[in-house]
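All remarks here apply to the structure that follows.
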Amino acid sequence: MPAETSTPPTSVDGTPLRALVVDDEVNIAELVAMALRYEGWSVDTAHNGSQAVAAARAAQPDVVVLDLMLPDFDGMEVLRRIRSIDPAVPVLFLTARDAVEDRVAGLTAGGDDYVTKPFSLEELVARLRALVRRAGVAAETRGNAVLTVGDLVLDEDSREVTRGGEEIGLTATEFELLRFLMRNPRRVLSKAQILDRVWNYDFGGQANVVELYISYLRKKIDAGREPMIHTMRGAGYVLKPAG
């Protein structure tokens, strides 16, 4: 059982964080639900894709734990349908498959994190807490920080990002990656540093997830503009003002 925390996590409106746990193995779903309830979360469970989509619509969870292998339709399809209801909800994939291709496929489809079975409940809870912090749905004490690099502006409180006055929509993970880059302008950051700071753990040594999310950011930040995100071959990435 995860260690008890002194302050149960709450959403920004003061209510308990709500998780939706989706797994066709009832015992696993209930085990995860029990661990989260112990931590102070409000939890709903579902055991197939149809139940998951209905529960997401009804409960409006702050985070979703989603098994990739479900009896009616797979987790990728569930993710697509849940994101049509709430495009920003963080999703952690839960699966017995541990191949690198599956991890990358899940993240490419829009998942925010990935845990393979068997897993540690402590690790799972820690990952979920990190996800909701990155998504900005958990209450926390924040400064009134606005980061500015060139014509790129990031407001840490409102989580709004603009470049040249034009608003840019980012996922929770993209936002956290950009924030890390903007807190270190003109500094070359290695893939290992980015993994440690943005994902809060070594993602199985899979630095390609960093390349994936850098490419996502470039499409949104640099598309049609002078590039700000640069690859330093063999060293990492650097963000600096255009021009």
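In this text the structure is predicted, and so the values were computed from the model without any measurement. When reading the values below, keep in mind they use all heavy atoms of this one structure, side chains included, and skip hydrogens, waters and symmetry mates.
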Rounded to the nearest 0.5 Å, how far does [atom2] of [Y] lie from [atom1] of [X]?
| X | Y | atom1 | atom2 | value |
| --- | --- | --- | --- | --- |
| M34 | E39 | CE | CD | 12.0 Å |
| F180 | L189 | CZ | CG | 4.5 Å |
| L20 | I82 | CG | CD1 | 6.0 Å |
| K240 | L181 | NZ | CG | 13.0 Å |
| N27 | L31 | CG | CG | 8.5 Å |
| D155 | T162 | CG | OG1 | 9.0 Å |

Check whether any side-chain heavy atom of [X] sits under 4.5 Å from a side-chain heavy atom of [Y], and report yes or no.
| X | Y | value |
| --- | --- | --- |
| L152 | M228 | yes |
| Y237 | V188 | no |
| M182 | L239 | yes |
| Y216 | L177 | no |
| V63 | L128 | yes |
| V210 | I214 | yes |
| W41 | V132 | yes |
| E156 | R183 | yes |

Derivation of the side chain to side chain contact (heavy atoms under 4.5 Å, CB included) call for I221 and I168
CA-CA 7 Å; I221 300 297; I168 298 170; 3.7 Å; yes
One pair to check against side chain to side chain contact (heavy atoms under 4.5 Å, CB included): L217 and L170. What are the steps and the verdict?
CA-CA 8 Å; L217 269 189; L170 300 178; 3.9 Å; yes
So L94 and L66, side chain to side chain contact (heavy atoms under 4.5 Å, CB included) or not? Walk me through it.
CA-CA 6 Å; L94 186 64; L66 179 59; over 6 Å; no
Kindly say whether [Y] contributes a backbone atom to a donor-acceptor pair with the side chain of [X] at under 3.5 angstrom?
| X | Y | answer |
| --- | --- | --- |
| D74 | E77 | yes |
| H47 | D23 | yes |
| R218 | A223 | no |
| S120 | E122 | yes |
| Q193 | S190 | yes |

hydrophobic_cluster_shared for I194 and V238, side chain cutoff 4.5 Å:
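Per the 4.5 Å side-chain linkage, V238 and I194 are not co-clustered.
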Among V91, V89, L92, which residue satisfies the side-chain contact (heavy atoms from CB on, under 4.5 Å) criterion with L131?
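For L131, the side-chain contact (heavy atoms from CB on, under 4.5 Å) check succeeds only for L92.
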Taking every non-hydrogen atom, the tightest pair across [X] and [Y]:
| X | Y | answer |
| --- | --- | --- |
| D112 | T173 | OD1-OG1, 3.2 Å |
| A172 | R159 | O-NH2, 4.4 Å |
| S42 | P16 | N-CB, 4.2 Å |
| P61 | A19 | CB-C, 4.3 Å |
| T45 | A33 | CG2-CB, 3.8 Å |
| A242 | R163 | CB-NH2, 3.6 Å |

Is the count of non-hydrogen atoms from other residues, nucleotides or ligands lying under 6.0 Å from E30 atom CD greater than 12?
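Yes.
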Inter- and intrachain pairs under salt bridge (charged side-chain N to carboxylate O under 4.0 Å, His left out), touching residues 165-177, at least two apart
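Found E166-R225, E174-K220, E176-R179, E176-R197.
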Tell me, which pairs form a salt bridge (charged side-chain N to carboxylate O under 4.0 Å, His left out) where one or both residues lie in residues 40-59, sequence neighbours left out?
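The answer is R18-D44.
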So V43 and V21, side chain to side chain contact (heavy atoms under 4.5 Å, CB included) or not? Walk me through it.
CA-CA 7 Å; V43 186; V21 179; 3.8 Å; yes
Is there a donor in the side chain of S50 and an acceptor in the side chain of R81, or the other way round, less than 3.5 Å apart?
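No, no side-chain donor-acceptor contact under 3.5 Å.
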